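Letters A, B, ... are given to chains in the order of the sequence lines, protein chains preceding strands, and every chain is numbered from 1. What you are looking at is a predicted structure, and each value in this text was computed from that prediction instead of being measured.
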Amino acid sequence: MRTPPDLSPPPSASCPNPTIPETAAVAPLLLAWYDRHHRSFPWRISPAEGQQGRRADPYHVWLSEVMLQQTTVQAVIPYFQRFLALWPRVEDLAEAETDAVMKAWAGLGYYARARNLKKCAEAVARDHAGRFPDTEDGLRALPGVGDYTAAAVAAIAFDRPSAVVDGNVERVVSRLFLVEDSLPAAKRLFRALTASITPQQRPGDFAQAMMDLGSTICTPRRPVCALCPLNDHCLAFRSGAAVESYPRKAAKKDKPVRKGAAFVARDQAGAIFLRKRAESGLLGGMSEVPNSAWTSRVDGETGLSAAPFSADWQACGTVTHVFTHFELQLSVYSARDLAALRRNDGWWEPAASLSGAALPTVMKKAIALAFPDALSP
DNA sequence: AATACGTGGAA
DNA sequence: TTTCCAAGTAT
């Protein structure tokens, strides 16, 4: 029997129902469910293969986990396939041009992930002879690898019994233990509770099973408790609580609106004038069309006077784009048939390569509004 | 602890 | 239409 985790506060403090789930029963039930209902993804091996001693490739697991941070599986799969085709091994990624990595990541969002992905690949190639560290602590020290990713790679690729806590797991655990504490303040409690049900055997399958359960059965809105392998042990379900109201979360802040102007210039050959953004911060390291500052101030300059150079700018309309912490209303201006004069603040991206450029979605929207055919491949 | 950091799909 | 949010990390 395992030592009970150090819970602070203990589960009874946050559970109106004093009953503690029979934690030892959870993992076997969940693993049996996973054997039958696991999902297949390009970065996974099947549980049958796993029980024959095979392990998923740590490079594949790491790459998928970084891509999956705050990102849906559906969005990730084509990117994962392209990255593996371009860079089959971590050493290949380490030797890649950073700009090529940014181009391949374009559209996936949270671009600091791509910058850190490259740094991490370099660290693994240079400091670890191309082998990922096989412990949670070793992984945690890599760029872009936080608590979750370190635990996930350690469990899935190296069979370590680490507590893998992502949004799915938080949801499952909050219901299983009827946790009244709110996120994100209760992160520590969720980690301890997850550790209390994580098995020594098949910890990687257990982690993936928790995530599959969370995304198919124990869903945010309409959980399908009748089909849940853990329903007999779930305090939320057994107590008749509103299961979908867990986990408790802190109230969200509202999104301010910012405004700006973007300038899409095209030359006689169809090339578009682009610039490179600063390496850090919003859309860091990505390409852009010239644009004004994005401001919430009513007296901010969001019109023609922010143009990068003089031209016959025509107003095309407005693009609305929602970022994590603000909404952007971008006034778009276009100019056509310009002479492709050499400038030191950017370059003319040829029409043929524009769709493959390192353009974040908001910039593609602006270009598409100005020249609807510009991004056609 | 609180905030910055993208995007697109589902209800 | 609006809201929520999906396998988080860095600072």
- [ ] Assign a letter to each nucleotide of nucleotides 4-11 of chain B from its 5' end: B, base within under 4.0 Å of a protein heavy atom; S, sugar-phosphate only; -, no contact.
- [x] SBBBSS-S

Nearest whole angstrom, please: distance from the [atom2] of [N] to the [atom1] of [X].
X	N	atom1	atom2	value
A/Lys252	B/dA2	NZ	P	15 Å
A/Asp254	B/dT3	CG	P	12 Å
A/Leu183	C/dC4	CG	P	16 Å
A/Glu327	C/dT3	CD	C1'	13 Å
A/Lys249	C/dT3	NZ	C1'	13 Å
A/Met210	C/dA6	CE	P	15 Å
A/Trp105	C/dT9	CH2	P	12 Å
A/Arg171	C/dC5	CZ	P	9 Å

Open item on the list: Suppose you measure atom P in B/dC5 against the same atom in C/dA6; what distance do you get, rounded to whole Å?
Closed with: 22 Å

Open item on the list: Could you tell me how far B/dG8 sits from C/dT1 if I compare only their C1' atoms? Round to whole Å.
Closed with: 16 Å

Base, sugar-phosphate, or nothing: which does [X] touch, judged by heavy atoms less than 4.0 Å apart?
X	result
A/Arg39	base
A/Val169	nothing
A/Ser64	nothing
A/Tyr79	nothing
A/Trp62	nothing

Taking the basic N atoms (NZ, or NE/NH1/NH2) and the acidic carboxylate oxygens, is any pair closer than 4.0 Å for [X] and [Y]?
X	Y	result
A/Glu327	A/Lys255	no
A/Lys118	A/Glu279	no
A/Arg140	A/Asp137	no

Task: side chain to side chain contact (heavy atoms under 4.5 Å, CB included) assessment of A/Thr194 paired with A/Glu170 - done: CA-CA 8 Å; A/Thr194 303; A/Glu170 286 172 348; over 6 Å; no

Task: A/Trp62 and its side-chain contact (heavy atoms from CB on, under 4.5 Å) partner, picked from A/Val124, A/Leu117, A/Leu139 - done: A/Leu117

TODO: Verify whether one side chain among A/Arg39 and A/Thr216 offers a donor that lies under 3.5 Å from an acceptor in the other.
DONE: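 The criterion, which ignores hydrogens and geometry beyond distance, is not satisfied for A/Thr216 and A/Arg39.
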
- [ ] Ignoring the backbone of A/Asn116, work out which of C/dG8, C/dC5, C/dA10 is nearest its side chain.
- [x]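 Nearest listed nucleotide: C/dA10.
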
Open item on the list: Run the salt bridge (charged side-chain N to carboxylate O under 4.0 Å, His left out) test on A/Glu244 and A/Arg221 for me, step by step, so that the C-alpha distance in whole Å, both residues' side-chain angles and the decisive distance to 0.1 Å come before the verdict.
Closed with: CA-CA 6 Å; A/Glu244 68 282 0; A/Arg221 312 280 181 88; over 6 Å; no

